[in-house]
Trainee: 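Sending over a structure as structure tokens; questions will come in a sec.
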Amino acid sequence: MIASTGPYFQDAISTLISLLTLFSFLAVTVLSLVWLERKALGRLQLRLGPTRTGPFGLLQPIADAVKLVLKEDIVPNEAEKVIFWVAPIIVVISAFMLWVTIPLTPSIVVQNLENMGLFYVGAVGVIGILGLVLAGWGSANKYGVIGGLRAAAQLISYEIPLIMVFVSIAIVTQTFNLVEIVNLQSPVPFILVLPLGFVLFFVSGLAEVGRTPFDIYFAESEIVGGPFVEYSGAHWAVFFLSEYINTFAIATLTVLLFLGGWSGPFLPSIVWLLIKIYAVILLIFWIRGTLPRLRIDQLMAFAWKVMVPLSFYLVVCCSIYVFYGLPWWALTVMSIFGLGVVGVIIYQYITAPARKVAEVRERLRLLQMSQEE
Amino acid sequence: MLSTVKGMIQTLSSTWRGLRKPVTKLYPENPTVLQNRFMGFPGLTWDKDIDEPFCTGCMVCIRNCPTQCMTATMKDNPKFADESSKRRKIVDEFEINLNRCILCGICVDVCNFDAIVMTHEHEESGSYRDGSRMKLDGLLEIGGKYQTQSGWKPAPKD
Amino acid sequence: MMQDQQDNQTIDMMLNMGPQHPSTHGVFRMELRIDGEKIIDVKPHIGYLHRGSEKLSEGEQYHQIITLFDRMDYLANFNNELVYCMAVERLLDMEPSKRTEYIRVILCELNRIASHLLYVGTIGLDAGAMTPALFSFIGRDRIQTLFESISGARMMHNYFKIGGLKQEVPDDFVRMVKDIMPVIRRDIDQTEKLLTFNEIFLSRTKDIGVITAEQAIDYGLTGPCLRGSGINYDVRKSEPYSVYQDFDFDVPVGLDGDCWDRHWVRVKEMHESLRIIEQAIDKLPDGDVASPLGRRLIRPSEGEVYVKAENPRGEIGVYLVSDGTDKPYRLKVRPPSFCNLSAIQLLLQNSWVADSVVILGSLDIVLGEVDR
Ligand code: SF4
Ligand code: SF4
């Protein structure tokens with residue numbers, strides 16, 4: 001029996017092993033991210049970060065995990081029990097599924113989907129939204145409902161520019177294969193070819209994982225955690241886990257699509273990849289330490305008035321580039337032009353209050369002068 | 001955009017400062033230095049010349065305490081009988097409920113005998129409620145500790 | 001058709017914000033009626049921190065009440081002590097020495113800076129930026145350490161006495177204050193760079209929570225909330241108390257009366273306070289700070305008095321009635337936070353849920369003072 005199903009069985013075993021490896025890799029990564037975030041934010045704010053658990057507080061994430069798992073798992077009386085239980089599972093499964101096809105080097109990958117890697121990433125990434133909405137709705141909490149609806153609005157809006165960037169990359173490279181895309185970047189990484197694409201991807205990626213300044217759906221100071229407000233213990237830990245996995249995924253995709261992936265001199269490719277990923281992640285933490293949060297209407301306006309038109313512009317540029325067979329720097333020029341135009345628009349739009357302030361100060365100065373006279 | 005970038009540079013430089021010299025100090029190893037005038041819990045002082053407390057149990061502080069957190073009784077001073085002390089009366093029992101004390105320092109201001117001081121003691125914690133009712137010996141102990149630590153002297157009488 | 005319309009009607013949702021909510025600055029509860037993310041109506045509920053300070057005062061002797069004032073506006077302890085001491089001094093018809101007054105002014109202005117620094121931190125947190133809060137606490141901690149070396153306590157000082165100070169300031173007081181000033185200025189700038197002109201912060205606060213000058217007067221707003229609307233009214237200037245007439249300082253005034261203007265006024269006020277401290281420390285006269293009353297029981301003659309002063313949060317007034325005994329017959333406080341909070345209903349109407357916390361933060365209330 002076994003012999004007859006041999007190749008299939010072996011395939012299943014090896015896939016299982018690689019899935020388990022992936023799972024443990026991601027778990028370790030999340031632990032490292034938790035530690036890194038606390039430590040980096042701490043130093044940024046002139047604090048120390050965790051110090052008590054192990055050298056440099058390295059064991060802090062483990063202590064956190066143990067605490068979360070041992071905590072009582074409270075389910076509110078009014079909650080829809082099934083939805084309440086299913087929501088975190090949906091979120092975490094979508095976070096893990098995303099990773100099945102993301103290559104860390106040409107050889108380290110669970111299953112490189114030759115014809116649809118990028119497509120799969122775009123498709124699976126959306127499932128998590130469902131979990132967030134269900135979590136908000138199922139916990140029978142008004143903050144949760146607001147948070148869940150905010151999550152739906154925000155994530156769906158920012159999904160569009162994200163996928164449009166995927167599309168433009170697919171147009172330029174003529175492939176959905178992630179390994180192929182990375183290999184094509186060996187002389188010029190795509191950040192030089194598509195600066196606009198990089199900005200769009202990074203910003204909508206931040207929005208997609210709900211990082212500052214787009215942490216609107218769980219804004220602590222307004223809706224105290226949004227969809228997660230009723231969750232505790234292991235359930236909350238699962239949300240936490242998926243949030244960090246998603247952050248890591250966005251950083252990895254940024255590196256794979258724009259920063260040349262694992263290519264780099266001297267060091268082995270996996271090391272290069274990790275260096276680049278962690279650099280992007282530190283950038284995300286740095287932004288978190290600096291910026292305040294947008295409001296939901298500003299966020300939506302930003303998505304639909306700036307990001308979406310820009311991403312369509314990018315697709316058009318890429319099509320022109322492919323159709324006429326222009327040199328790669330032509331795309332850069334077009335891209336930077338778009339960035340410049342939109343830069344002006346955003347500047348006008350976001351700094352409207354700032355300019356008003358300048359006006360006000362001018363008026364104040366005049367007022368003071370007239371008083372002095 | 002511009003001031004966002006400025007803010008980013010600001011946090012970058014603060015990260016550099018944070019890496020070299022963070023502001024936070026670790027607590028038990030490196031506690032904040034108490035200033036000389038720090039007001040911790042009140043304690044009673046000990047007259048080393050005569051070997052008895054300064055406090056006569058006159059109840060002035062008790063009447064002036066805004067939270068009514070102290071009680072005291074006085075007794076005849078046995079040392080007055082054998083003329084080794086000038087105090088006719090001496091404190092018999094003294095109790096401060098440190099849970100109610102608001103560390104205002106009024107008792108120190110009003111005491112006529114310099115018998116009570118605000119010590120530097122501030123880390124008293126107990127596991128049951130009554131543990132914070134400090135009796136005479138405890139108060140004398142923290143007061144005496146403060147006396148030796150800070151070289152406290154009673155104000156010269158004029 | 002009718003059926004359709006009825007189906008499409010939305011219903012308002014009641015949302016209880018507080019008393020346990022991270023951004024209501026204490027135990028304040030807002031009952032929001034929201035339509036989607038828009039606030040239609042708001043019902044504020046106060047009283048969770050009511051300790052009956054005014055009634056308690058009737059049972060305490062005059063010198064004990066200072067401790068209660070410390071605990072009303074617990075971010076501006078010196079300012080609160082000052083206004084109460086001034087009230088009793090006016091009842092007794094006495095004048096503290098010049099040195100006392102100067103030291104009081106220096107400490108009050110330092111406390112104003114500490115309070116405004118905390119405000120800058122909390123408005124940052126309300127708007128979602130976490131770093132300004134931690135930066136501003138560095139400056140606040142420096143000031144509080146200075147306070148500790150002077151009064152012995154970091155917050156509840158009980159240092160001002162009726163007619164004087166509890167004890168002479170330490171010998172190196174002048175040096176300490178002079179040393180701390182450039183550091184504080186740097187701390188203020190550091191916090192400000194992160195927040196005040198940040199585009200996102202501007203878009204969150206500019207034109208949000210607008211209150212016009214007329215409305216502000218109608219609602220009895222005072223302090224930065226009133227000046228943010230463009231009215232140049234500061235008790236320190238209009239009716240100088242203590243020794244404020246000796247100093248040269250400006251009163252920063254906003255124009256639009258929105259959250260950002262209130263923020264900006266506070267930031268500028270910190271710099272003005274530094275100016276006042278600079279002048280005061282240069283002019284600091286010699287003399288005695290001990291109260292001429294000594295340990296005597298304070299028994300003002302029958303009478304009543306109303307004294308007002310400028311707190312970080314606005315105009316605080318103390319109405320004190322004495323019946324000739326050692327305890328006041330009645331004591332009424334006009335708390336600035338309470339009066340400023342009264343405008344919340346007007347400010348929150350038709351704003352977003354997310355703005356509610358920013359608007360509340362920009363009013364800079366202290367619940368200890370609202371509920372007393
Ligand atoms: S501490 Fe001073 S005031 Fe209080 S009972 Fe003793 S002697 Fe009297
Ligand atoms: S410090 Fe104040 S509250 Fe405490 S015992 Fe003395 S008078 Fe009472």
Side-chain angles (χ1 to χ4, degrees), chain B residues 1-18 21-25 31-42 58 60-69 100-114 117-122 146 150 155, chain C residues 56-57 59-61 63-68 70-71 129-132 134-135 137-139 141-142 144-159 161 166-172 176 187 189-202 291 294-297 326:
Chain B
M1 279 294 105
L2 223 62
S3 47
T4 303
V5 174
K6 261 188 219 156
M8 296 286 279
I9 294 169
Q10 177 73 34
T11 38
L12 190 65
S13 72
S14 80
T15 315
W16 175 240
R17 259 173 67 202
K21 217 170 57 192
V23 174
T24 313
K25 300 211 179 69
T32 322
V33 186
L34 294 181
Q35 306 295 323
N36 283 340
R37 289 190 178 179
F38 177 78
M39 296 197 290
F41 290 120
C58 69
V60 168
C61 56
I62 288 144
R63 266 179 275 122
N64 276 285
C65 174
T67 58
Q68 287 100 39
C69 65
R100 287 187 72 166
C101 174
I102 55 174
L103 311 182
C104 63
I106 286 180
C107 47
V108 180
D109 292 347
V110 294
C111 179
N112 292 316
F113 303 94
D114 288 320
V117 286
M118 299 307 275
T119 65
H120 283 181
E121 218 61 46
H122 62 289
Y146 175 76
S150 64
Chain C
L56 273 179
S57 305
E60 303 268 8
Q61 290 167 1
H63 69 285
Q64 293 172 335
I65 295 173
I66 299 173
T67 59
L68 288 172
D70 266 337
R71 284 156 180 79
M130 67 193 297
T131 311
L134 290 141
F135 280 3
F137 261 85
I138 297 172
D141 181 69
R142 285 189 227 276
Q144 280 182 320
T145 311
L146 180 76
F147 286 168
E148 188 190 325
S149 67
I150 294 164
S151 71
R154 294 173 82 83
M155 284 180 84
M156 312 303 172
H157 311 289
N158 192 18
Y159 184 63
K161 295 283 153 185
K166 188 166 127 190
Q167 60 199 126
E168 179 60 85
V169 288
D171 299 334
D172 52 354
M176 278 194 299
D187 285 337
D189 286 345
Q190 192 186 20
T191 319
E192 202 195 339
K193 244 186 242 164
L194 272 179
L195 212 54
T196 309
F197 286 102
N198 184 299
E199 277 86 1
I200 297 179
F201 183 69
L202 273 168
S291 166
R295 285 176 188 160
R296 242 174 298 148
L297 201 57
D326 59 343

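Since the structure is predicted, the reported quantities are computational estimates derived from the model, not experimental observations. In what follows, chains carry the letters A, B, and so on, assigned in the order in which the sequence lines appear, proteins first and then strands, with residues in each chain numbered from 1.
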Trainee: Taking side chain as everything from C-beta outward and backbone as N, CA, C, O, which of these in C/His63 sits under 4.5 Å from a heavy atom of chain B? Side chain, backbone, both or neither.
Mentor: both
Trainee: When only pairs under 4.5 Å are counted, which of C/Arg71, C/Met156, C/His157, C/Arg154 shares the most heavy-atom pairs with chain B?
Mentor: C/Arg71
Trainee: Under 4.5 Å from any heavy atom of chain C, what part of B/Asn36 do you find: side chain, backbone, both or neither?
Mentor: neither
Trainee: With a 4.5 angstrom heavy-atom cut-off, could you sort out which part of C/Thr196 is near chain B: side chain, backbone, both or neither?
Mentor: neither
Trainee: Identify which one of C/Lys166, C/Gln167, C/Glu148 satisfies the side chain to side chain contact (heavy atoms under 4.5 Å, CB included) criterion when paired with B/Arg37.
Mentor: C/Gln167
Trainee: Pick one of side chain, backbone, both or neither for B/Ile9, based on which atoms fall under 4.5 Å of a heavy atom in chain C.
Mentor: neither
Trainee: Can you tell me which portion of C/Ser149 sits under 4.5 Å from chain B's heavy atoms? Options are side chain, backbone, both or neither.
Mentor: both
Trainee: Given a strict heavy-atom distance threshold of 4.5 Å, which part of C/Phe201 is in contact with chain B: side chain, backbone, both, or neither?
Mentor: neither
Trainee: Roughly how far, to the nearest 0.5 Å, is CG of C/Asp70 from CD1 of B/Ile102?
Mentor: 8.0 Å
Trainee: Specify which of B/Thr67, B/Val110, B/Thr32 makes the most heavy-atom pairs with chain C at under 4.5 Å.
Mentor: B/Val110
Trainee: Please report the shortest heavy-atom distance between C/Thr67 and B/Cys104, naming the atom on each side.
Mentor: CG2-CB, 3.6 Å
Trainee: Of all heavy-atom pairs between C/Ser151 and B/Met39, which one has the smallest distance, and what is that distance?
Mentor: O-CE, 3.8 Å
Trainee: Could you have a look at C/Gln190, C/Lys193, C/Gln61 and say which one has the most heavy-atom pairs with chain B under 4.5 angstrom?
Mentor: C/Gln190
